[in-house]
2 protein chains.
Amino acid sequence: MANENKMEFVILGLLSHTPMTGYDMKKIMDTTMSLFWSGSYGSIYPTLQRLRDNESIVSNETTENGRDKIIYSITDKGRDRLQQWLKKPVIKDELRYETMLKLFFGNEIGEEDTLKHIQEFEDKMKRILPDLKSSVDILNGDVTEPTHEYYMLTALFGVKMYEASIEWCEFVKKYFEGKQVK
Amino acid sequence: MANENKMEFVILGLLSHTPMTGYDMKKIMDTTMSLFWSGSYGSIYPTLQRLRDNESIVSNETTENGRDKIIYSITDKGRDRLQQWLKKPVIKDELRYETMLKLFFGNEIGEEDTLKHIQEFEDKMKRILPDLKSSVDILNGDVTEPTHEYYMLTALFGVKMYEASIEWCEFVKKYFEGKQVK
DNA sequence: TGGCTCATGTAATCTGTTACATGATTCT
DNA sequence: AGAATCATGTAACAGATTACATGAGCCA
């Protein structure tokens, strides 16, 4: 019942950085924030309307490069609500890894098929890790935007998680290899 | 539309280990599997009925210690379905950390309040880590159950994640301290 | 006796995704 | 010309949680 509508605060948070469109928000969620958050248009646009209705944000219709867009900005009321939420204790940090689920039940299909999931997991992280690392490096030297420090720390968290995950994958592979030899 | 009802496979997976009640399943999800999965009675019990209807599992009503319970077992058909799913590629590994969200927007409330979340995050992991480590140790020496190997590897993943997270927390704290001094 | 755990279940509700519709502009 | 991207939006559906109801046994 603690009706904490997260999407509301994600939007308010993004608008606390700078005014933008719903489309822009989706892009940020798909890139910068994808490590720890996600969202679809089907939840972004209705939430924008709700936030506008309760005066947490205001909208501004403009045309840029011949494209109609609605640029949203946060109001004082919205900033207040955001800050209040930010100061509240965290309710839930959730990890939902299908890979771990399939590993947990791996005995049912055996090591070979299970290792395919582990390898895919490792490959995925190795693909993302370089970009994540370079983000950290770029943001680290950047003192123009105070928000970038916070962004850098979340990216660094990603780097640490992915590095630890990759190490774990290597261990799992060796573990199963060792068993094979026996 | 790739209607992958995960809860079905979680239940089939648990029953592939051993027969048990819905209540038992919930307990395992709250403990052993909580690292990478969760579920409520409101999704467990209806799914059990569906799985029984399509003959993936069978139920057995008994009384133990004067308590009525319904013990479910997996059928050959259910095991087939489970194996087919386990062999399919993983669709989604998702991390949803409110702590990272609040850190990402931390500029809005400043370092002091943000650090409270980081500290809480670290404390939580430091509370869980010892149990997780001892699970790994216990399972590591245990060769009685072949499923325990897979369980051990998921627990080890937890250990690696938590250790890396704690290190990251220490870094974040030092990072902000360093800024303070400047 | 009272509170906790064992045990099963449902109704209301929420939250979110998917898939589609629409149409303009930019890139190749 | 055609594909991809920019940009907004909705309807249908999926999936899950919360809160409640019920009742028995165990422990202090």
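Labels below follow one simple rule: chain letters A, B, ... track the order of the sequence lines, proteins then strands, and each chain is numbered from 1.
- Counting to the nearest Å, the P atom of C:dT15 and the CD atom of B:E98 are 13 Å from each other.
- Rounded to a whole Å, the CD1 atom of A:I91 is 14 Å from the C1' atom of C:dC14.
- Taking 4.0 angstrom as the limit, A:S40 places a side-chain polar atom (N or O) nearer than this to OP1 or OP2 of C:dT17.
- Salt bridge annotation for B:E94-B:K6: absent, with no cationic side-chain nitrogen under 4.0 angstrom from a carboxylate oxygen.
- Nearer the 5' end of DNA chain C, as judged by each residue's closest nucleotide, is the contact made by B:S43, out of A:I44 and B:S43.
- Remark: P of D:dC20 and OH of B:Y45 are 19 Å apart, rounded to the nearest angstrom.
- You'll find that the side chain of A:P46 is closest to D:dT10, out of D:dT10, C:dT10, C:dC6.
- Taking the six-membered ring where the residue is Trp, the centroids of B:Y97 and B:F121 are separated by under 6.0 Å.
- Ranking C:dG16, D:dT8, C:dT8 by closeness to the B:K69 side chain, first place goes to C:dT8.
- The distance between atom CH2 of A:W37 and atom C1' of C:dG16, rounded to the nearest whole Å, is 12 Å.
- B:E122 has no carboxylate O lying under 4.0 Å from a charged side-chain N of B:K124, or vice versa, which leaves the two without a salt bridge.
- Classification of B:E170 and B:K126 as a salt-bridged pair holds, one side-chain N sitting under 4.0 Å from a carboxylate O.
- Across all strands, A:G66 comes closer than 4.0 Å only to sugar-phosphate atoms, never to a base (heavy-atom distances).
- To the nearest angstrom, P of C:dG16 lies 12 Å from CZ of A:F9.
- In this structure, A:I11 places its CD1 atom 13 Å from C1' of C:dT15, rounding to the nearest Å.
- For D:dA16, the OP1/OP2 oxygens have a side-chain nitrogen or oxygen of A:R96 closer than 4.0 Å.
- Note on A:Y23: every side-chain N or O is 4.0 Å or more away from OP1 and OP2 of D:dT8.
- Taking atom NZ of residue B:K27 and atom P of nucleotide C:dC4, one finds them 17 Å apart after rounding to whole Å.
- An OP1 or OP2 oxygen of C:dG9 is reached within less than 4.0 angstrom by no side-chain nitrogen or oxygen of B:Y41.
- The distance from atom NZ of A:K92 to atom C1' of C:dT15 is 11 Å, rounded to the nearest whole Å.
- The side chain of B:S38 lies closest to D:dT17, out of D:dG25, C:dT8, D:dT17.
- Ranking D:dA16, C:dT5, D:dG9 by closeness to the B:N5 side chain, first place goes to D:dA16.
- Among D:dG9, C:dG9, D:dG15, the nucleotide with an atom closest to any side-chain atom of A:I70 is D:dG9.
- Taking every side-chain heavy atom of A:R67 into account, D:dT5 is the closest of D:dT5, C:dT15, D:dG9.
- Each of B:M7 and A:G42 was assigned the nucleotide of DNA chain D with the nearest heavy atom; the assignment lying further toward the 5' end belongs to A:G42.
- For A:T21 and D:dT8, the shortest distance from a side-chain N or O to OP1 or OP2 is below 4.0 Å.
- If A:K6 and B:D68 are placed on DNA chain C by their nearest nucleotide, the residue sitting closer to the 5' end is B:D68.
- Look at B:E61 and B:K69 and you find no salt bridge, because none of the NZ, NE, NH1 or NH2 atoms lies under 4.0 Å from a carboxylate O.
- A salt bridge is absent between B:R127 and B:D123: the closest approach of a Lys/Arg side-chain nitrogen to an acidic carboxylate oxygen does not fall below 4.0 angstrom.
- Considering only side-chain atoms of B:Q49, the nucleotide from C:dT25, C:dG9, C:dT8 that sits closest is C:dG9.
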